[in-house]
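Heads up, the thing below is written out as structure tokens.
Keep in mind the model is a prediction, meaning the values are calculated, not measured. Proteins come first, then strands; the chains are lettered A, B, ... in the order of their sequence lines, and each starts at number 1.
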Amino acid sequence: MNIRKTKDLFMKNSIFGIAGFNIIIVFLIFLFVFTNSMKFFTEFPMGDFFMGKEWISLSEKYGLLPLFMGSFWVTLVALGISVPLSLITAIYIAEYAKPKTREGLKVLIETMAALPSVVLGYIGLYVLSNPIKEFFGLNTGLTALTGGILLAFMSIPTMVSISEDSIRALDKSYKEASLALGANKLETIIKIILPAAFPGIFAGIMLGFGRIIGETMTVLMVTGNAPILDAGVLSPVRTLTATIAAEMGEVVQGSTHYYSLFAVGLVLFAISFATNTIADHFIHKSRKIMGK
Amino acid sequence: MSILKGKGEKIIENSIKAVGLLSILPVVLILGYIVFTGVPSISWEFLTQAPKDGMRAGGILPAIIGSIYLTLGTILVSVPFGILTGVYLVEYSKDNWIRRTINLTIVNLAGIPSIIYGLFGMAFFVIYMGMGASIIAGSLTLGIMCLPVIITATRESLLAVPNHLREASLALGATKWETTWKVVLPAASPGILTGVILSISRATGETAPIMFTVAAFYLPFLPESIWDQAMTLPYHLYVIATQVPNMPKANMDGTLFVLVFITVGFNLLGAYVRTKFNKRR
């Protein structure tokens, strides 16, 4: 009897300790990225980092703007493709598809999410880049557009599944009231269901955005790795994430260059933190609407 | 007459159906490409030999073994840790600041880009803890990355376990831990298992977090201990696709196929477990 009580108490305390450890881990991640970034800012002026127009590590120029623009162009393309596609796909799956089709589509969409980013990078290099090069008559097919298309593909599963969940979770009374008042199915979807499901859909878009901005291997492989400020959709770019991945392998540990990559990491950390907080807020809001 | 009525309705509805089907076309094409180029490139030698001639010949055995070790290490780190945290959140905690903080940290851990895990793993495990680039440093990094999915899956599955099971067990004189271990966790296990499989599928395919924590560029031997570097499938694919000039295409297609076979296979297994579980409920 006593052994059982002791074991119970022991497990209670162990579980508490393990749960608390999660908080420590997040704290440690933040601490290590933050302190290493601060070491960078003691050696390099913060203004030159955030406003710098060139990133040339060999000549000690660590300007964030070209990397930021790289992420911007890739994200713009990706969102431009994935937001409308995901929204329409979610409407189709939630409102029009037959149960069998729905199950099949969901398995395919999950498979889409399961493809490793290095696989999409490979597809970009060996399948997608050449047609893009030929079609637009470019010198290289490794552009922001190529990366954006692949990242759109990668963010569609997140956006579709969260949007679809929030559409399907809506109370039936919304739909029935609208249909009873004489609206047809399409009017009900556009004027009633979409507005009511908006918080959930928006949360899905934010989480998809988080995946796009944080994706590393695909953009490293297919966007051409050129940190240029006045780039555009059809030129090679270099994103924030790809910069870390491309340069961390060859830096001297403890050098300014080494710490600069942590500063880029801190910027990414801040963006993803903001994105998640907003998404989380909207998820709670949508649960409230559904009365859960 | 609105555009949403009559003829307009039909046209728009058909467009929705077409676009809905169109958006999943790429995944079908990609899988088709991988299978058609990959299968002819696979041979027994390819799967069981070490790479030769600067990776341009031979097989990918060290990368397969390295990925298996790393995945096992990730499971050892993330599964007990993630499940017990989920147990704390549902079975043990009250609605206090600790529970709210943990829930908040899970949300944020889930959103951190994988390259940040790589940065952290390198700065903390590899350098600060002095582990060096090794299987253990990589497993810990990937294990932390898997935590949010496993914790969330555990939490949701435990919440779905009806309370009368707990009450019956406690009424029979079982302690809280005995109830959790022998009654609640078994009832929640299919949902937890799905979460575990899905997060492991993701971890096996990840490259960014392991680039600086474990992955070896070219190491034609099998790792001997958890303190060794190792080749892994995703990093090997990255290396041969971008860093090795004149790489034979068949070799890359074969590696691609093996990697996708494993990750998508895990994923389908997860989907299967979940469907079975949903039917039973």
Side-chain angles (χ1 to χ4, degrees), chain A residues 4-5 7-8 11-12 15-16 18-20 22-23 25-26 28-29 32-33 36 85 88-89 91-93 96 105 107-112 114-119 122-123 125 127 153 156 184 186-187 190 210 214 216-217 221 241 244-245 248-249 253 262 265 268-269 272-273 275-276 280, chain B residues 4-5 9 12-13 16-17 19-20 23-24 26-28 30-31 33 81 84-85 87-89 92 98 101-102 105-109 111-116 119-120 122-124 127 144 147 175-178 201 205-208 211-212 234 237-238 241-242 252 256 259-260 263-264 267 271:
Chain A
R4 287 176 57 208
K5 284 245 166 83
K7 194 175 167 193
D8 190 49
M11 284 316 295
K12 185 183 170 187
I15 287 173
F16 179 73
I18 282 177
N22 288 283
I23 302 178
I25 289 172
V26 177
L28 278 178
I29 294 177
F32 270 78
V33 175
N36 282 327
L85 266 186
I88 295 173
T89 308
I91 294 173
Y92 172 66
I93 295 182
Y96 289 104
L105 287 179
V107 170
L108 276 175
I109 284 173
E110 270 173 27
T111 309
M112 209 190 260
L115 287 178
S117 53
V118 65
V119 168
Y122 183 87
I123 297 289
L125 273 182
V127 181
F153 181 77
I156 282 178
N184 64 29
L186 188 62
E187 285 173 319
I190 291 178
T216 308
M217 297 315 292
M221 290 167 83
T241 48
I244 302 175
M248 191 48 97
Q253 214 185 89
F262 281 88
L268 269 174
F269 195 96
S272 70
F273 187 83
T275 311
N276 277 293
D280 197 49
Chain B
L4 301 177
K5 295 246 190 229
E9 185 191 4
I12 296 179
E13 284 191 342
I16 290 177
K17 288 173 194 169
V19 172
S23 68
I24 50 108
V27 72
V28 178
I30 290 178
L31 289 177
Y33 174 86
F81 223 90
L84 286 179
T85 304
V87 166
Y88 171 77
L89 290 175
Y92 283 85
I98 300 178
T101 313
I102 292 175
T105 56
I106 297 167
V107 170
N108 281 300
L109 271 177
I112 295 178
S114 55
I115 187 76
I116 304 279
L119 269 186
F120 167 71
M122 188 191 66
F124 186 65
I127 298 172
I144 291 176
L147 280 177
T175 62
K176 174 123 193 155
W177 171 245
E178 284 166 347
S201 153
E206 275 288 359
T207 316
M211 280 176 108
F212 324 119
L237 179 63
Y238 166 70
T242 60
M252 294 192 280
L256 179 74
L259 175 62
V260 171
T263 51
V264 172
N267 207 63

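Interface summary for chain A: among B:A271, B:S201, B:P234, the most heavy-atom pairs under 4.5 angstrom belong to B:P234. Considering only heavy-atom pairs separated by less than 4.5 Å from chain A, the leading option among B:I106, B:V28, B:I12 is B:I12. Contact count versus chain B (heavy atoms, under 4.5 Å) is highest, among A:N184, A:V26, A:L108, for A:N184. Residue with the most contacts toward chain A among B:I112, B:V107, B:L84: B:V107 (heavy-atom pairs, distance under 4.5 Å). For chain B, the option among A:I109, A:V33, A:I91, A:V127 with the highest count of heavy-atom pairs below 4.5 Å is A:V127. Annotation: maximal heavy-atom pairing with chain B below 4.5 Å, among A:Y122, A:F269, A:Y96, occurs at A:Y122. In terms of heavy-atom pairs under 4.5 Å with chain A, the best-connected choice from B:L256, B:I98, B:V87, B:L89 is B:L256. Per-residue heavy-atom pair counts under 4.5 Å with chain A were compared for B:T242, B:N108, B:V260, B:L31, and the maximum is reached by B:N108.
Between the side chain of A:D8 and the main chain of B:W177, a donor-acceptor pair closer than 3.5 Å is present.
Remark: A:T111 pairs with no residue by the side-chain hydrogen bond (donor to acceptor under 3.5 Å, both in side chains) rule, at least two apart or across chains.
A:T216 has its side chain within reach of B:S114: a pair of non-hydrogen atoms, C-beta onward, lies under 4.5 Å apart. Between B:L259 and A:V118 there is a side-chain heavy-atom pair separated by less than 4.5 Å. Here the side chains of A:N36 and B:L119 are not in contact, with every heavy-atom distance at 4.5 Å or above. Counting heavy atoms from C-beta on, the side chains of B:T263 and A:L115 never come closer than 4.5 Å.
Rounding to the nearest 0.5 angstrom, the gap separating the CZ atom in B:F81 from the CD1 atom in A:I25 is 5.0 Å. Atom CG in A:L268 sits 9.0 Å away from atom CD1 in B:I115 (nearest 0.5 Å). Rounded to the nearest 0.5 Å, atoms CD1 (A:I23) and OG1 (B:T101) are 5.0 Å apart. For the atom pair OG1 (A:T89) and CD1 (B:I24), the distance works out to 8.5 Å, reported to the nearest 0.5 Å. Between A:K7 atom NZ and B:T175 atom OG1 the span is 8.0 Å, to the nearest 0.5 Å. Here the CD atom belonging to B:E9 is positioned 7.5 Å from the CD atom belonging to A:E187, to the nearest 0.5 angstrom.
Of the two parts of A:F32, only the side chain, counted from C-beta on, holds a non-hydrogen atom closer than 4.5 Å to a non-hydrogen atom of chain B. Only the side chain of A:V107 comes within contact range of chain B, judged by heavy atoms closer than 4.5 Å. With a 4.5 angstrom heavy-atom cutoff, A:I123 touches chain B only via side-chain atoms. Looking at B:L147, only its side chain comes within 4.5 Å of chain A, counting heavy atoms on both sides. With a 4.5 Å cut-off on non-hydrogen atoms, B:Y238 touches chain A through its backbone and its side chain both. Residue A:L28 touches chain B through both its backbone and its side chain, counting heavy-atom pairs closer than 4.5 Å. Heavy atoms of A:F16 lying under 4.5 Å from chain B belong to its backbone as well as its side chain. Of the two parts of B:F124, the backbone and the side chain both hold a non-hydrogen atom closer than 4.5 Å to a non-hydrogen atom of chain A. Looking at A:F273, the atoms closer than 4.5 Å to chain B (heavy atoms on both sides) sit in the backbone and in the side chain alike. Only the side chain of A:L125 comes within less than 4.5 Å of a heavy atom of chain B; its backbone N, CA, C and O stay farther away. For a residue to count as touching a neighbouring chain, one of its non-hydrogen atoms must lie under 4.5 Å from one of that chain's; by this rule B:F120 touches chain A with the side chain only. Heavy-atom distances place the side chain of B:M122, and not its backbone, under 4.5 Å from chain A. The part of B:I144 that comes within reach of chain A is its side chain, from C-beta onward, which places non-hydrogen atoms under 4.5 angstrom from that chain. Heavy-atom distances place both the backbone and the side chain of A:M248 under 4.5 Å from chain B.
For the residue pair B:T105 / A:N22, no side-chain donor-acceptor distance below 3.5 Å is found, with atom types taken as modelled.
In terms of heavy-atom proximity, B:A241 sits nearest to A:M221 at CB-CE, 4.0 Å. In plain terms, the two heavy atoms of B:N267 and A:E110 that are nearest each other are ND2-O, 3.3 Å. Scanning both residues, B:P113 and A:S272, for their nearest heavy atoms gives CD-OG, 3.6 Å. The two residues B:P26 and A:F153 have their closest heavy-atom pair at CB-CE1, 3.3 Å.
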Q: Mind running side chain to side chain contact (heavy atoms under 4.5 Å, CB included) on A:K12 and B:K176 for me, showing each step along the way?
A: CA-CA 9 Å; A:K12 185 183 170 187; B:K176 174 123 193 155; over 6 Å; no

Q) Between A:L85 and B:V19, is a side chain to side chain contact (heavy atoms under 4.5 Å, CB included) present by the stated rule, with each step listed? A) CA-CA 7 Å; A:L85 266 186; B:V19 172; 3.4 Å; yes

Q. Could you go step by step and tell me if B:L109 and A:I29 meet the side chain to side chain contact (heavy atoms under 4.5 Å, CB included) rule?
A. CA-CA 9 Å; B:L109 271 177; A:I29 294 177; 3.8 Å; yes

(Q) Pair B:S23, A:I88 - check side chain to side chain contact (heavy atoms under 4.5 Å, CB included), show working. (A) CA-CA 9 Å; B:S23 68; A:I88 295 173; over 6 Å; no

